[in-house]
Amino acid sequence: MSHQTLKLAKEAAAGHEEQLLIGTAGMNRGQRAAMEVAESARDQGDGKGGFAAQLCLGRFDPAMLTPFPKQSDSDRRIGDEMVRAVSVFLTDHLDPDEVDETRTIPQEVIEGLKRLGVFRMKVPQEYGGLGFSQVNYNRVIMAIASYCGSTAVLVSAHQSIGVPQPLKMFGTEAQKSKYLRRIAGGELSAFALTEAEVGSDPARMTTTAKLSDDGAHYILNGVKLWTTNGPIAQLIVVMAQTAAKVSRGRACPQITAFIVEADSPGVEVTHRCDFMGLRGIQNGLIRFDNVKVPAENVIWGEGLGLKLALKTLNTGRLTLPAACTGIGKQCLSIVRQWGNDRVQWGLPIGRHEAGSQKIAFIACTTFAMEAVTWLTSHWVDQGLDIRIEAAMAKLFCTEATWEIVDQTMQLRGGRGYERAASLRARGEAAYPVERMMRDCRINTIIEGTSEIMRLYLAREALDPHLKLAADLLRDGIPLKRKLMATGRLVRFYVRWYPAQLFGSVWPKRYRSMGRLRSHYRYIDRASHKLAAAMFGAMARHRNKLERRQVLLGHLMDVGTELFAMAATCAYARSLASQEHSQGDPLQLADLFCLQARGRIEQHFRAIRWGNQRSANALAAQVLSGDFQWMEQGVISPQPPDPSLKFVAPSAQYEHDGLNTFAERS
Ligand SMILES: Cc1cc2nc3c(=O)[nH]c(=O)nc-3n(C[C@H](O)[C@H](O)[C@H](O)COP(=O)(O)OP(=O)(O)OC[C@H]3O[C@@H](n4cnc5c(N)ncnc54)[C@H](O)[C@@H]3O)c2cc1C
């Protein structure tokens with residue numbers, strides 16, 4: 001085991017011993033199990049927290065973004081060459097609309113990409129790979145995603161979450177030498193965590209791996225759902241439950257990561273899933289039936305599987321921001337052309353105010369996505385702790401891209417809704433907006449849904465507070481310790497809290513930031529306000545804060561927007577110092593910040609005046625069936641189920657035979 005791996009293993013073991021910082025009294029078994037699994041898998045990074053963690057504590061430090069990181073000339077040349085080669089190859093050999101239509105990425109295209117080295121970009125050079133920097137890898141992903149979503153996902157499922165990334169981070173020398181070389185030689189990989197009952201909640205995992213009596217191998221049993229590349233991969237990283245560990249008299253579930261050979265006896269792809277978009281990906285349901293996995297195929301160690309998945313995803317999920325930036329740029333190109341070409345009511349539609357607002361939003365938001373993508377990618381290359389920034393980048397870029405594609409479709413009008421092949425057949429420009437919309441919708445769901453990202457961010461952003469208040473929040477702590485914790489808290493917050501209040505009214509001046517100084521002042525002020533609001537929420541809701549998901553969501557959306565603003569300003573200032581024949585980057589940053597500030601103010605208003613209680617009460621009634629009468633008059637898409645009977649909730653709403661009211665008899 002390398003020194004780094006050993007250090008990580010010790011860290012992980014320490015994390016396992018750590019008690020929960022969050023009170024779990026009042027939770028049901030499932031909630032408690034999910035919380036325990038999530039907490040034990042937490043990656044605590046270097047303990048200092050990066051730029052965004054500081055921002056959430058009211059410490060905005062623009063010096064951390066200055067100078068904005070840049071590729072070295074030699075690294076840029078490597079990226080330029082690959083992006084050019086891949087772009088030429090794909091435009092010559094791949095029709096993305098045909099991929100969408102036929103649900104197939106032609107084998108010769110996959111082989112061609114292999115020859116170019118696309119599937120070994122992330123494999124270190126000593127194992128036969130290209131050893132790309134994260135920036136270059138993401139540049140290639142951005143280019144591919146702008147052209148064909150399915151192909152981008154094929155490449156990224158293999159490298160961002162598939163075998164190369166976890167092995168690079170946690171593999172033994174023997175594992176790296178064996179499997180990374182095979183990957184470099186052209187084998188494909190996949191990552192299998194999800195099951196029918198395991199989406200966002202790995203505590204419900206049912207796939208098991210039992211160690212044989214002689215300790216030589218594990219026997220794997222279970223079914224994995226939605227494994228991208230599963231049907232074509234030679235190697236799969238599989239997460240499974242191994243023997244539970246007993247801690248304080250209770251059995252704690254252990255999730256372990258294995259490298260599994262896809263052609264092992266007992267591995268079977270039982271179904272290829274078909275989706276709304278990304279129709280060319282090979283994504284399957286995989287059954288593992290008494291599959292023998294050699295004990296040396298455990299990655300990192302027993303019980304460290306989830307921690308591995310989270311650590312892998314810290315960098316792995318940066319692929320999505322890059323892909324989203326590619327989509328944003330494509331949309332920008334489409335609305336620029338269509339906004340000029342399409343004339344209605346005597347003007348090109350891009351010149352009508354409603355159209356120009358959309359175009360400006362797409363331009364400045366794409367610029368912000370680019371800023372966030374390159375900043376976080378460079379930080380990975382510099383080895384910084386980017387847990388929070390990567391999650392913010394994923395959340396911000398995937399949500400923004402959906403909005404961008406939606407606005408692009410609106411500007412294209414009916415043509416936006418028409419499939420590219422149909423447009424082409426009638427002799428019109430075949431902008432694939434409809435396909436792009438279908439392809440990109442999944443991005444707010446995979447690799448951590450937006451809701452889970454907000455909860456994850458909240459947990460990380462609140463960590464310094466939780467650590468200070470741990471003894472007050474935990475159940476069963478003796479009074480003496482609670483009093484000592486109170487003393488510690490008072491000493492810290494008596495200085496910290498007034499500083500936040502003061503800073504939220506009198507921020508620094510930022511005169512040296514030129515045209516963008518008012519935005520820097522705003523970020524400074526709002527970061528203090530955010531820190532104070534987080535503290536206020538904690539003081540008010542204490543160990544029930546974890547359940548105030550909407551409040552936490554607004555807080556984290558503020559943090560995310562502030563991070564995006566800071567990245568965008570820093571990026572714009574770095575570009576503004578270079579030669580630009582046309583188009584001032586500061587103008588893009590200025591508009592993005594103005595729009596982000598509007599959204600942030602809305603979040604702060606919602607934090608103060610939110611109507612969650614009414615919404616929660618109404619939702620509870622909907623779930624218990626009180627409003628089933630509202631569902632009357634529609635035709636159910638489900639085939640009739642004889643075990644279901646129709647129920648009319650009141651005489652006022654007579655059952656008409658077409659409603660969907662159904663209740664188990
Ligand atoms: C095209 C595609 C490719 C995929 N590729 C892979 C792959 O290669 N490998 C793999 O392992 N998986 C893969 N997945 C699975 C994907 O990662 C999951 O869909 C994702 O993790 C969400 O799980 P779920 O769909 O079961 O949703 P659920 O977890 O059931 O969530 C449903 C909804 O409930 C919300 N929710 C869940 N828990 C909470 C909570 N505690 N608080 C508030 N809201 C909550 C979610 O945000 C979401 O809105 C893929 C899925 C698709 C569709």
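Each residue takes its place number in the sequence, starting with 1. Not measured: the values here are computed from a predicted model. Keep in mind that the numbers below use all heavy atoms, side chains included, and drop hydrogens, waters and symmetry copies. Both counts, for ligands and for their atoms, begin at 1 and track the order of listing.
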Check your understanding: Quick check: are there more than 12 heavy atoms from other residues, nucleotides or ligands sitting under 6.0 Å from CZ of Arg613?
Key -> no
Review point. Can you tell me how far CD of Gln165 sits from NE2 of His158, rounded to the nearest 0.5 angstrom?
Key: 11.5 Å
Practice item. Answer yes if a protein heavy atom lies under 4.0 Å from atom 33 (C) of ligand 1, otherwise answer no. Key: no
Review point. Counting heavy atoms only, which of Thr228, Leu278, Ile442 is nearest atom 8 (O) of ligand 1?
Key: Thr228
Exercise for review: Measure from atom 20 (C) of ligand 1 to the protein's non-hydrogen atoms and state whether any distance is below 4.0 Å.
Suggested key: yes
Review point. Out of curiosity, Ile452 CD1 to Glu447 CD, how far, rounded to the nearest 0.5 Å?
Key: 14.5 Å
**Study point:** Note, Thr319 side chain near Gln159 side chain (heavy atom, < 4.5 Å)
**Key:** no
Revision key, fill the gap. So CE of Met369 and CG of Leu320: to nearest 0.5 Å the spacing works out to 11.5 Å
Check your understanding: Quick one: which ligand 1 atoms are inside 4.0 Å of a heavy atom on Asn283?
Key -> 2 (C), 3 (C), 4 (C), 5 (N)
Exercise for review: Establish whether atom 42 (N) of ligand 1 and some protein heavy atom are separated by less than 4.0 angstrom.
Suggested key: yes
Exercise for review: State whether any protein heavy atom lies less than 4.0 Å from atom 36 (N) of ligand 1.
Suggested key: no
Check your understanding: At what distance is the nearest protein heavy atom to atom 49 (O) of ligand 1, and which residue and atom is it?
Key -> Glu451 OE1, 3.6 Å
Review point. Once you round to the nearest 0.5 Å, how far does CG of Leu220 lie from OG1 of Thr208?
Key: 7.0 Å
**Study point:** Heteroatom proximity flag, Thr227 to ligand 1, N/O under 3.5 Å
**Key:** no
Exercise for review: Check the pair Glu195, Thr206 against side chain to side chain donor-acceptor pair (under 3.5 Å), reporting the backbone distance first and the verdict last.
Suggested key: CA-CA 8 Å; Glu195 298 175 10; Thr206 57; 2.9 Å; yes
Practice item. Ignoring hydrogens, just give me the one of Leu225, Leu455, Thr194, Val153 whose non-hydrogen atom is nearest atom 17 (O) of ligand 1. Key: Thr194
Check your understanding: Using heavy atoms and a threshold below 4.0 Å, how should the contact between Lys224 and ligand 1 be classified: side chain, backbone, both, or neither?
Key -> neither
**Study point:** Lys114, NZ: over 12 other non-hydrogen atoms inside 6.0 angstrom
**Key:** yes
Revision key, fill the gap. When distances are taken from atom 6 (C) of ligand 1, the protein heavy atom at minimum range is Trp226 O, 2.8 Å
Review point. Does the protein place any heavy atom closer than 4.0 Å to atom 15 (C) of ligand 1?
Key: yes
**Study point:** Selection from Thr449, Val237, Ile452, Asn229 by shortest heavy-atom distance to atom 38 (N) of ligand 1
**Key:** Ile452
Point to revise | atom 52 (C) of ligand 1 [closest protein heavy-atom partner, distance rounded to 0.1 Å] | key: Ile446 CG2, 3.8 Å
Check your understanding: Which atoms of ligand 1 are found less than 4.0 Å from any heavy atom of Ile445?
Key -> 19 (O), 20 (C)
Exercise for review: Distance to 0.1 Å, residue and atom name: give those for the protein heavy atom nearest to atom 29 (O) of ligand 1.
Suggested key: Ser200 OG, 2.6 Å
Point to revise | Protein heavy-atom partner closest to atom 9 (N) of ligand 1 - residue, atom, separation in Å | key: Phe191 O, 2.8 Å
Practice item. Identify, with sequence neighbours excluded, every residue that meets side chain to side chain donor-acceptor pair (under 3.5 Å) alongside Arg317. Key: none
**Study point:** For atom 23 (O) of ligand 1, the protein heavy atom that lies nearest, with its residue and separation
**Key:** Gly199 CA, 3.2 Å
Check your understanding: In terms of heavy-atom contacts, does CZ of Arg287 have more than 12 from other residues, nucleotides or ligands at under 6.0 Å?
Key -> no
Exercise for review: Assign the ring pair His465 / Phe535 to parallel, tilted or perpendicular, where the plane angle (0 to 90°) is split at 30° and 60°.
Suggested key: tilted
